[in-house]
Amino acid sequence: MIEISSHLYVGDQGDGELILAKQSGWAIVHACKEPYHRRTLGYATPGAPKGHPEYLFARRGNRLIMNIVDAPNPAFFAKEMIDVALDFIDEMLGQGLKVLVHCNQGESRSPSIALLYLASRKRTLPIVSLEAAEDQFRLVYPNYNPKSGIHGFLSLYWGSYCHA
């Protein structure tokens, strides 16, 4: 787990479990379907039930549980889900909580969401291009290694999130 900005951390599933045990003073973005989304909604099928009102994400107090897999296609990343994650981070930091954004390995989904947050909401990363933001982000989070799907999503929507 690495603090990438004041009270904002990025990590992996082990970090998520550690913070879940503490809870006090923390908020968590679970940027991974397994095991959190499945456990929260209680489904046994490979995918979440499509008609479920919490299909994309579930909110439980200071936890945001996302139905997000590291798919190779950017179409599998719903903009609505990413928007909710960015709003959640804003809200929790605004309440004075520490926020952990984590996925299973802490390399792709969670750091991508955090990078987008720092660029689009905090403006502490360059907004001129995704590549410029990534170069600077790797200085604070060297484990950043986005897979093609989430990276494609960032490329596709960079301009709408990070307009001047």
Side-chain angles (χ1 to χ4, degrees), residues 1-2 4 8-17 27-60 63-90 99-123 125-164:
M1 178 168 47
I2 296 174
I4 60 163
L8 180 60
Y9 298 78
V10 176
D12 61 21
Q13 187 171 338
D15 300 319
E17 291 298 319
I28 306 172
V29 176
H30 300 284
C32 48
K33 177 180 105 171
E34 297 293 349
Y36 306 99
H37 192 262
R38 177 183 304 282
R39 189 183 309 155
T40 301
L41 269 58
Y43 53 94
T45 56
K50 295 238 188 235
H52 195 285
E54 295 179 310
Y55 176 76
L56 291 177
F57 55 86
R59 171 101 182 243
R60 300 293 186 271
R63 295 174 60 211
L64 181 67
I65 303 108
M66 303 173 73
N67 180 13
I68 185 170
V69 296
D70 224 350
N73 185 339
F76 285 93
F77 297 87
K79 187 174 184 306
E80 175 187 0
M81 186 183 336
I82 303 301
D83 292 347
V84 166
L86 299 177
D87 290 344
F88 179 85
I89 295 167
D90 258 345
V99 178
L100 170 65
V101 183
H102 83 88
C103 55
N104 298 112
Q105 296 178 342
E107 296 177 358
S108 185
R109 292 163 288 180
S110 60
S112 294
I113 291 168
L115 178 150
L116 187 57
Y117 180 80
L118 292 180
S120 68
R121 302 289 178 98
K122 300 276 285 180
R123 300 289 181 157
L125 291 177
I127 62 169
V128 65
S129 72
L130 174 58
E131 294 76 19
E134 288 175 322
D135 288 345
Q136 191 168 328
F137 184 71
R138 281 188 176 97
L139 298 175
V140 294
Y141 196 81
N143 296 339
Y144 176 63
N145 184 26
K147 305 302 183 280
S148 60
I150 190 71
H151 195 264
F153 175 89
L154 291 177
S155 296
L156 188 63
Y157 289 101
W158 188 259
S160 67
Y161 282 109
C162 296
H163 53 278

Determine the minimum heavy-atom distance between [X] and [Y], stating which atoms define it.
| X | Y | result |
| --- | --- | --- |
| Ser110 | Gly11 | OG-O, 3.4 Å |
| Pro126 | Trp158 | O-CZ2, 3.7 Å |
| Ala75 | Asn73 | N-OD1, 2.8 Å |
| Glu34 | Gln13 | O-OE1, 4.3 Å |

| side chain to side chain contact (heavy atoms under 4.5 Å, CB included) evaluation trace for Asp87 with Arg121 | CA-CA 9 Å; Asp87 290 344; Arg121 302 289 178 98; 2.7 Å; yes
Would you be so kind as to tabulate the donor-acceptor pairs closer than 3.5 Å made by side chains of residues 45-52, with sequence neighbours excluded?
residue : atom : partner : partner atom : Å
Thr45   : OG1  : Gly47   : O            : 2.6
Lys50   : NZ   : Tyr55   : OH           : 3.3
His52   : ND1  : Glu54   : N            : 2.9

Is there a donor-acceptor pair closer than 3.5 Å between any side-chain N or O of [X] and the backbone N or O of [Y]?
| X | Y | result |
| --- | --- | --- |
| Ser120 | Leu116 | yes |
| Asp15 | Asp12 | yes |
| Ser108 | Lys147 | yes |

Nearest 0.5 Å, what's the [atom1]-[atom2] distance between [X] and [Y]?
| X | Y | atom1 | atom2 | answer |
| --- | --- | --- | --- | --- |
| Leu125 | Leu130 | CG | CG | 10.0 Å |
| Ser112 | Glu107 | OG | CD | 11.0 Å |
| Tyr141 | Ile4 | OH | CD1 | 8.5 Å |
| Leu41 | Asn67 | CG | CG | 8.0 Å |

Hey, are the side chains of [X] and [Y] touching, using non-hydrogen atoms and a 4.5 Å cut-off?
| X | Y | value |
| --- | --- | --- |
| Ile68 | Phe57 | no |
| His102 | Cys32 | yes |
| Leu8 | Leu118 | yes |
| Phe77 | Asp70 | yes |
| Asn143 | Gln105 | no |
| Ile2 | Val10 | no |
| Tyr157 | Cys162 | no |
| Met66 | Arg109 | no |

| Can you list the residues that meet the side-chain hydrogen bond (donor to acceptor under 3.5 Å, both in side chains) rule with Gln136, with sequence neighbours excluded? | none
| message | Walk me through whether Met1 and Leu100 qualify under side chain to side chain contact (heavy atoms under 4.5 Å, CB included). | response | CA-CA 8 Å; Met1 178 168 47; Leu100 170 65; 3.8 Å; yes
| Under the ring pair (Phe, Tyr, Trp, His ring centres under 6.0 Å) criterion, do Tyr43 and His37 qualify, and how do the steps go? | CA-CA 9 Å; Tyr43 53 94; His37 192 262; 5.6 Å; yes
| said: Applying salt bridge (Lys or Arg N to Asp or Glu O under 4.0 Å), can you list everything that pairs with Lys122, at least two apart in sequence or on another chain? | reply: none
| Pick from Leu64, Val84, Val99: which one makes a side-chain contact (heavy atoms from CB on, under 4.5 Å) with Ile89? | Val99
| query | Between Asn104 and Tyr36, do the side chains contain an N or O donor and an N or O acceptor separated by less than 3.5 Å? | reply | no
| How are the rings of Tyr161 and Phe153 set to each other: parallel, tilted or perpendicular (split at 30° and 60°)? | tilted
